[in-house]
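Remember, it's a predicted structure, so these values are computed and weren't measured experimentally. In this chain, numbering begins with 1 at the start of the sequence shown.
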Amino acid sequence: MAYNLLKGKKGIIFGALNEMSIAWKVAEKCIEEGAEIVLTNTPLSIRMGGIQEFAEKNNIPLIPADATNVEDLTNLLNEAMKHLGGKLDFILHSIGMSLNVRKKKSYDDLDYDFLQKTLDISAISFHKVLQTAKKLDAINEWGSVVALSYVAAQRTMYEYNDMADAKAMLESIARSFGYIYGREKKIRVNTISQSPTMTTAGSGIKGFDSLVDFADRMSPLGNATAEECANYCVALFSDLTRKVTMQNLYHDGGFSSMGMSYRAMHQYNKSFELDDK
């Protein structure tokens with residue numbers, strides 16, 4: 001059910017790859033709610049994923065850009081404003097990648113060149129997006145910028161590795177830049193700490209299936225889906241949340257407030273029963 005929450009608004013969605021992507025779901029919801037959007041991803045991701053077909057089907061511009069490259073970002077923002085006929089009202093940053101995770105390097109044996117890439121792609125790119133947008137005056141007053149995070153920024157999560165460091169930095173950037181952007185331009189900057197979600201990137205993490213199941217058992221409302229996260233993003237892009245900024249907003253079915261749930265304890269006790277046999 002659509003509410004026309006984004007009627008007349010314009011934005012850029014970073015990071016949609018395929019139908020599993022949260023950014024893909026956000027793009028669908030933005031269109032449904034009346035927004036005009038531009039899609040962007042790296043040239044390699046565009047070739048690998050299905051986003052080109054999605055863009056063509058919905059008659060949406062797809063502009064290749066490396067979010068770690070300021071020149072690419074400058075071109076992206078200028079081309080987006082030219083196509084949309086004005087400044088932006090919202091941006092979604094849904095970007096994350098760790099070669100240490102992909103190469104199964106443990107946290108006490110990191111490749112530091114890989115770590116630099118993790119931080120640049122997954123966190124510093126957010127700063128580059130914000131700084132480039134500010135210098136170009138690319139976002140309207142009361143605009144909204146959202147980046148996707150994860151609870152590993154605050155809590156140690158097995159095998160999440162250096163991505164946890166990147167998410168912590170991502171959330172810090174949202175607070176620091178959110179103050180400046182809010183004070184000077186009335187632009188909101190927030191992060192959403194989403195439940196573990198079976199995206200292409202998430203499924204590459206060792207033991208991710210078990211993590212998803214554990215979080216679901218721990219959360220009183222269960223895990224939030226990619227589509228539900230998209231709805232939350234739309235709410236943050238809309239005028240209904242004009243005074244929400246510099247926040248890390250948990251969207252995880254209550255997981256972040258839990259210590260131990262009945263379902264998780266029940267499963268834990270069952271493991272002892274198996275040991276006894």
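- The two residues L77 and A138 have their closest heavy-atom pair at CD2-CB, 4.3 Å.
- Between D213 and R217 there is a salt bridge, since at least one side-chain N of the basic residue sits less than 4.0 Å from a carboxylate O of the acidic one.
- Note: F255 and F214 have perpendicular aromatic rings, judged against thresholds of 30 and 60 degrees for the angle between ring planes.
- Annotation: E19, atom CD; neighbour count of heavy atoms from other residues, nucleotides and ligands within 6.0 Å does not exceed 12.
- Identified under the ring pair (Phe, Tyr, Trp, His ring centres under 6.0 Å) test for residues 35-55, with sequence neighbours left out: W24-F54.
- Listed by first and then second residue, the ring pair (Phe, Tyr, Trp, His ring centres under 6.0 Å) pairs that reach into residues 120-148 are H93-F126, H127-F177, sequence neighbours excluded.
- When hydrophobic clusters are built by joining Ile, Leu, Val, Met, Phe, Trp and Tyr residues whose side-chain heavy atoms come closer than 4.5 Å, directly or via intermediates, I12 is not grouped with L92.
- By the 4.0 Å N-to-carboxylate-O rule, D137 lies close enough to K87 to be salt-bridged with it.
- Grouped with M246 in one hydrophobic cluster are Y179, I180, the linkage being side-chain heavy-atom contacts under 4.5 Å among Ile, Leu, Val, Met, Phe, Trp and Tyr residues.
- Put simply, L99 and I121 are part of the same group of oily side chains (I, L, V, M, F, W, Y) that touch within less than 4.5 Å, one to the next.
- A salt bridge links K29 to E227: at least one charged side-chain nitrogen sits closer than 4.0 Å to a carboxylate oxygen.
- Heavy atoms from other residues, nucleotides or ligands lying under 6.0 Å from CD of E184 number more than 12.
- There is no path of hydrophobic side-chain contacts, each under 4.5 Å, that joins Y150 to Y107.
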